[in-house]
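The structure appears right after this line, and notes come after that.
We name chains A, B, ... by the order of the sequence lines, and we start the count at 1 in each one. If you're wondering where the values come from, they're calculated on a predicted model, not measured in any experiment.
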Protein chains: 2
Amino acid sequence: MSAVKKSLNMRGKSMQDALLMLNILAHPLRLSILCTIIESGEITAGDIVASEPQASQSQISQYLRAMRESGILTARRDGLFVYYSLKDKKAAAIMKILKDLYC
Amino acid sequence: MSAVKKSLNMRGKSMQDALLMLNILAHPLRLSILCTIIESGEITAGDIVASEPQASQSQISQYLRAMRESGILTARRDGLFVYYSLKDKKAAAIMKILKDLYC
DNA sequence: CTTTTATATTAAGAAAATTTAATTTACAAA
DNA sequence: TTTGTAAATTAAATTTTCTTAATATAAAAG
């Protein structure tokens, strides 16, 4: 047994990782974009924009980048189009439990 | 079958409920307070303050109130002390999966 | 009634996130 | 090489959230 308490809590680096994820999910547009991507499997940026009539192309592009840079999404370009899909399985797991709890 | 598409997604009121929860969890102090309360079962406001050396009493009290008003926590007073505990089982379920995923 | 301890409230300033508008880059086709 | 479409970038304005400091309330004890 080490001198450091081995607790089952969320402090330290693991908490920071969880917070990063929570902060991304905790926004209506980002959460909705994630729903759309999960439902589609893979979808172009333009189709995401089309699915969010109230949001601007700029805002969506900014959030797609943020989610890509944080490792939640991946993107591949095919000609003019950029296809987004989910990369982080932890995001999928959290989205699933949110659906189970709230839907 | 109604004309409205019956989808398995997160839109509408259910999404708003989930967002309310996510917004509360998405802050290091609030998340840490919730961890402490879950670990303790029931704990006084003062002991929560003592467990957060970097946070002020005022800030903790404000967040306790916000979490109580949003239905996540309950509180009971016994003399000078106010005991907090978890009320919303959805919060517990989300905290559990966060621990499973990130710890 | 005064003091002490625990907790809550309020308001203002500081910091961070969100939103919007304008512009730019990337690629393909004519 | 110009044009059109898709997507990304930048910067400023706006809004929201967080933090701090000061004060107030609630309850018990002396």
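At a threshold of 4.0 angstrom between heavy atoms, the contacts of Tyr83(A) with the nucleic acid are absent.
Note on Tyr84(A): a side-chain N or O is less than 4.0 Å away from OP1 or OP2 of dA8(D).
Under the 4.5 Å side-chain heavy-atom criterion for ILVMFWY residues, no single connected hydrophobic cluster contains both Leu20(B) and Met67(B). Note on Ile37(A) and Ile97(A): same hydrophobic cluster, where clusters join Ile, Leu, Val, Met, Phe, Trp and Tyr whose side-chain heavy atoms are under 4.5 Å apart, directly or indirectly.
Between Gly41(A) and Ser85(A), the closest heavy-atom pair is O-CB, 3.1 Å. Between Leu73(A) and Lys87(A), the shortest heavy-atom contact is C-CB, 3.8 Å.
In this structure, Ile48(A) places its CD1 atom 13 Å from C1' of dA6(D), rounding to the nearest Å. Between Glu52(A) atom CD and dA7(D) atom P there is a gap of 15 Å when expressed in whole angstrom units. Taking atom CD of Glu69(A) as the reference point, atom C1' of dT9(D) lies 12 Å away to the nearest angstrom. Distance, Asp47(A) CG to dA6(D) P: 10 Å, rounded to whole Å. In this structure, CD1 of Ile43(A) is placed 14 Å from C1' of dA7(D), rounded to the nearest angstrom. Per the geometry, CZ belonging to Arg65(B) stands 17 Å off P belonging to dT19(D), to the nearest Å. If you measure from atom CZ of Phe81(A) to atom P of dA6(D), you get 6 Å, rounded to the nearest angstrom. Here the P atom of nucleotide dC18(D) and the CG atom of Leu64(B) are 14 Å apart, to the nearest Å.
Side-chain N or O atoms of Ser40(B) include none that pairs as donor or acceptor with a backbone N or O of Ile43(B) at under 3.5 Å. The backbone N or O of Leu25(B) sits nowhere less than 3.5 Å from a side-chain atom of Arg30(B) that would complete a donor-acceptor pair.
The 12-atom threshold is exceeded at NZ of Lys90(B), counting heavy atoms of other residues, nucleotides or ligands nearer than 6.0 Å. Other residues, nucleotides and ligands contribute more than 12 heavy atoms inside 6.0 Å of the CD atom of Glu69(B).
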Return a table of donor-acceptor pairs under 3.5 angstrom between the side chains of residues 76-84 of chain B and protein atoms on other chains or two or more places apart.
unit_1, atom_1, unit_2, atom_2, d
Arg76(B), NE, Glu42(B), OE2, 2.8
Arg76(B), NH2, Glu42(B), OE1, 3.0
Arg77(B), NH1, Gly79(B), O, 3.1

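With a heavy-atom cut-off of 4.0 Å to chain A, the contacted part of DNA chain C has its first and last nucleotide at dT18(C) to dA28(C).
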Nucleotides 21-28 of chain D: which of its N/O atoms have a protein N/O under 3.5 Å away?
unit_1, atom_1, unit_2, atom_2, d
dA21(D), N6, Ser58(B), OG, 2.7

